[in-house]
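Lettering of chains follows the sequences in order, A, B, ..., and the numbering in each one begins at 1. This structure is a prediction, so every number in the text was calculated from the model and none was measured.
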2 protein chains.
Amino acid sequence: MTRPRQTSKVTLRDVAARAGVSISTASLVFSGRGPVADATAARVRTAATDLGYAGPDPLASSLRQGRAGAVAVIVEERLRDAFRDPFALAVLDGLAQELDAMGTSMLLVADPGGDGANPVAGHAVDAAVFPLCGRTDSPLVDHLLARGIPIVGSGAPVHDAVGHVVVDEHGASAAATRHLLDLGHRRLAHVSMPLGRARPTHRVDAAELSGSVHPDARDRARGFVDTAPAGSPLVETERPDVAQGEAAGRLLLDVAAHERPTGIVAQSDLLAAGVIRAAEALGLRVPQDLSVTGFDAVDLPWLDRTLTTIEQPGEAKGRLLGELTRRRLAGEPATSEPFPVSLRVGDTTAPPP
Amino acid sequence: MTRPRQTSKVTLRDVAARAGVSISTASLVFSGRGPVADATAARVRTAATDLGYAGPDPLASSLRQGRAGAVAVIVEERLRDAFRDPFALAVLDGLAQELDAMGTSMLLVADPGGDGANPVAGHAVDAAVFPLCGRTDSPLVDHLLARGIPIVGSGAPVHDAVGHVVVDEHGASAAATRHLLDLGHRRLAHVSMPLGRARPTHRVDAAELSGSVHPDARDRARGFVDTAPAGSPLVETERPDVAQGEAAGRLLLDVAAHERPTGIVAQSDLLAAGVIRAAEALGLRVPQDLSVTGFDAVDLPWLDRTLTTIEQPGEAKGRLLGELTRRRLAGEPATSEPFPVSLRVGDTTAPPP
DNA sequence: GACGGGCGTCGAATCGATTCGATAGTCTGT
DNA sequence: ACAGACTATCGAATCGATTCGACGCCCGTC
C-alpha cells in the first residue's frame with residue numbers, strides 16, 4: 001500500500017503524473033466538464049486516493065474561475081449584539097439556506113463602524129450582504145464598491161448600487177399606533193431602537209429623528225410620531241434588548257397616573273417584553289391597565305402571552321436577501337423588492353381602563 | 001481628471017504601467033515589504049487612486065502566499081438552532097474577537113450531518129473550528145484532515161489531530177448534583193440536552209448514554225447518574241431550549257407528590273428556565289417546593305431569578321478556542337487546554353420542603 | 001581613478017488550478 | 001477505401017499577485 005506523502009502538499013500535477021495523464025485531463029476528471037474515458041477517470045481517481053489528494057485547491061480554482069464562492073455577511077460591531085435578537089437569527093438562517101442552495105458560503109464580518117482596519121479588504125468575496133438594517137454610513141461600502149463587489153441590504157446602507165429588501169417601516173409602525181387609537185387610547189408613547197451612537201436609554205425629541213443613521217428605527221419612530229397625538233413621548237434605548245426595554249418602560253410608566261401612557265408602541269418584541277416587565281413590576285396589568293405592541297413577531301417561549309405585534313417573517317426575509325444576492329451574482333442590476341408585513345393582534349392590547 | 005475604467009478589472013499590472021514602474025515594484029508598495037523610494041511609492045499610489053484600484057486581489061495574493069486568511073467555523077445544521085442559546089453566541093463572540101485580532105475572518109459553515117454535499121470542500125480555509133460541542137462523528141473531519149487543515153474543537157469531534165478546549169463536564173454536573181444532596185434532597189432528576197438523533201422529549205435510561213454522539217451531554221448526564229441516588233430519572237430533550245425544558249419539567253413534575261423530585265439538575269440554563277416555568281404552571285414554588293440548577297451561567301434578563309448554575313464564561317471559552325487556532329496556524333502541534341468551570345449558587349436552590 | 005557596498009528597481013519563476021485550441025485516433029457512411 | 005465527424009487527450013496560456021536573485025547606479029574610501 002502506498003503511503004500518502006504528508007510532507008509536501010499533493011497537487012493535481014502529482015495526481016496526473018501518477019495516473020500517467022496530463023494535468024488538463026486530470027482537471028477534467030474532477031470538474032466533470034470535459035469528456036473523459038471511464039478507464040482514464042478511474043485511473044485518475046485511484047491515483048488521487050493513493051496520494052491522499054482531497055480535490056482541487058479552492059484558491060487556485062477560484063482565482064482561475066474568477067469567483068470566490070463566498071459572500072460577506074456584514075453585521076454590527078459585536079456578533080453577540082447582532083444575534084441577540086431572535087429576529088436577526090431568523091433572517092440569518094433564511095439567508096444561509098438560500099446561499100447554501102447556491103453553493104456559496106458565508107464569510108461573517110463584523111463591521112467595526114467608523115475607524116479600525118477594514119475587515120473585508122483582505123478577503124475574496126463575490127458579494128456582500130448587510131442582512132440587518134445597520135447604519136446608513138458604513139465605511140465598508142466605498143471599499144466594496146471600488147472592488148466592484150455587488151451589495152445587497154435591508155434598509156441600509158443607502159446607495160444607488162445597493163439592492164434592498166424594503167419593509168414599509170413607517171406604515172407598519174403607524175398601523176400599530178392606529179390599532180391603539182382605534183381601541184380608544186389617547187395617551188401613547190413609543191420605545192425606539194438605537195437611533196445613532198449608543199447612548200443610555202433616554203427620552204428623545206421627534207426633531208432629533210432626522211439625525212438618525214438607522215433608517216429602520218427612524219422610520220418606525222416617524223410612523224408613530226405621524227399617527228399618535230402630538231407631543232407623545234419617545235424613548236430611545238441603548239440596545240434593543242429586554243433589559244433596555246424594561247428601562248424604557250420604567251422611564252415612561254413610573255410617573256403620576258394621570259400622565260401615564262395607556263398604550264406603548266415598541267419597535268421590537270424584545271423591547272415590548274421589557275416594557276411589559278416594567279409594567280408588571282409597577283403593579284400594572286397588561287392589557288387591562290396598559291396596552292403594548294411589539295415588532296417582528298418572534299417566538300418568545302418564555303413570554304406567556306401573545307404579543308400584539310407586526311408580523312415580519314424573518315426567515316423569508318433572509319431568503320429574499322439570498323435571492324437578491326443570487327440575482328446580482330447572475331449579473332442582474334440592483335433592484336429593490338418590497339417585503340410585506342402586517343399587524344397581528346394578540347392579547348397585550350385592549351381598550352384603555 | 002481620469003475616469004476609472006469600470007469595464008474591465010483593474011489589476012496591479014495596470015497600476016504599474018500607469019505609474020511607470022514594474023509590477024514587482026508596485027507589489028512592494030502595497031505589501032510594504034521591500035525598500036521603495038518615497039517618490040516611487042507616491043506615484044504608484046496616485047496611479048492606484050486614479051484607476052480605482054482597491055488593493056491586491058485577495059485570491060491571487062492568498063494563492064501565492066499559501067494562506068487563505070479565513071478559518072471555517074462549523075456549527076450545527078441550522079444556524080438558528082446553533083445560536084439559539086446565548087451561550088453559543090458568547091462563545092462565538094469570543095472566538096470572533098480573537099480571530100479578528102489575528103486578521104483572519106470566519107467562514108460560517110453549517111454541518112449537514114450525515115449525507116449531503118460537503119460544505120467546506122470548495123472553500124479555502126487555513127483552519128477549522130468546531131466551537132460548540134457537536135457530534136463526535138462529523139463527516140467533515142476526514143475531509144479536513146485529508147486537506148491537512150488543522151482542527152480545533154470543544155469536546156467534539158474526537159480525534160487525535162483535533163486540539164480541544166476541555167471542560168470537566170462530568171465533574172461540574174456532579175458538583176451541581178452534590179450541591180442538592182448537601183441541601184438534603186433525596187429525590188433528584190436530570191434534564192439532558194439531546195444525546196443523539198433528535199427525538200421528542202422523553203425519559204431515557206442511564207444505560208443508553210453510551211450510545212450518545214454528543215460527549216458534553218453524555219458526560220453531564222453521567223456526572224448526575226454517578227452522583228445522584230440510583231434510579232433517579234433522566235429526561236432527554238429534543239432541543240436545548242426553554243420550550244423543551246418546560247416539556248421535560250412537566251414530564252418529571254406532573255406526577256403524584258410522593259414520587260415527585262424535589263431537585264432537578266438541568267444541563268443548560270435555558271432548560272432550567274423551562275423547568276421553572278413548568279413548576280410554576282403546576283403551582284410549585286421555586287426554590288421552596290423545588291430546587292433547580294442550570295449550566296453555563298448565561299444572562300437571562302427575562303428570568304427574574306438568579307439561577308444556581310455552573311459558571312462557564314462563554315466569551316473566554318471562545319477566546320481560548322481562538323488562541324488554540326492561532327497556535328495551530330503557527331505550526332504548533334494539537335494540544336488540549338483545560339477550561340475551568342465552577343458552581344455558582346443562586347436563589348433557585350434551597351433545602352427540600 | 002578603481003573598488004566595494006548599499007539602495008532601489010526589475011525580470012522571471014511560481015502558487016495550483018482551468019480552459020481553449022490543436023492533435024491524434026476511432027468510427028460511420030457511401 | 002477515404003472523407004468527415006466525433007472522441008479522448010494534451011500543451012500552453014492565463015488568472016493576479018508575491019518573491020528571489022540579479023543588475024545598475026551612486027557614493028565614499030583608499
Peer 1: Cut-off 3.5 Å, no hydrogens considered: what does the side-chain donor-acceptor table look like for residues 87-98 of chain A, sequence neighbours left out?
Peer 2:
residue, atom, partner, partner atom, Å
D93(A), OD1, L79(B), N, 3.4
D93(A), OD2, R78(B), NE, 3.3
D93(A), OD2, R78(B), NH2, 2.5
Q97(A), OE1, R319(A), NH1, 3.4
Q97(A), NE2, E315(A), OE2, 2.9

Peer 1: Side-chain donor-acceptor pair under 3.5 Å between S24(A) and S27(A), yes or no?
Peer 2: no
Peer 1: Sugar-phosphate atoms are those with a prime plus P, OP1 and OP2; base atoms are the rest. Using that split, label each nucleotide of nucleotides 13-21 of chain C B, S or - for protein heavy atoms under 4.0 Å, 5' to 3'.
Peer 2: BBBBBBB--
Peer 1: What is the bend of the helix from dG1(C)-dC30(D) to dT30(C)-dA1(D) when you compare the axis at one end with the axis at the other, using five pairs each and rounding to 10°?
Peer 2: 50°
Peer 1: A48(A): which residues meet the side chain to side chain contact (heavy atoms under 4.5 Å, CB included) condition with it, sequence neighbours left out?
Peer 2: V15(A), F30(A), Y53(A)
Peer 1: Is a salt bridge present between E323(A) and R327(A), judged by a nitrogen-to-oxygen distance below 4.0 Å?
Peer 2: yes
Peer 1: Are S22(A) and T25(A) close enough that a side-chain donor and a side-chain acceptor fall under 3.5 Å?
Peer 2: yes
Peer 1: Applying ring-ring contact (aromatic ring centres under 6.0 Å, His included), which residue pairs with at least one partner in residues 118-142 of chain A are found, sequence neighbours left out?
Peer 2: none
Peer 1: Using the test salt bridge (Lys or Arg N to Asp or Glu O under 4.0 Å), find all partners of R64(B) that sit at least two apart in sequence or belong to another chain.
Peer 2: none
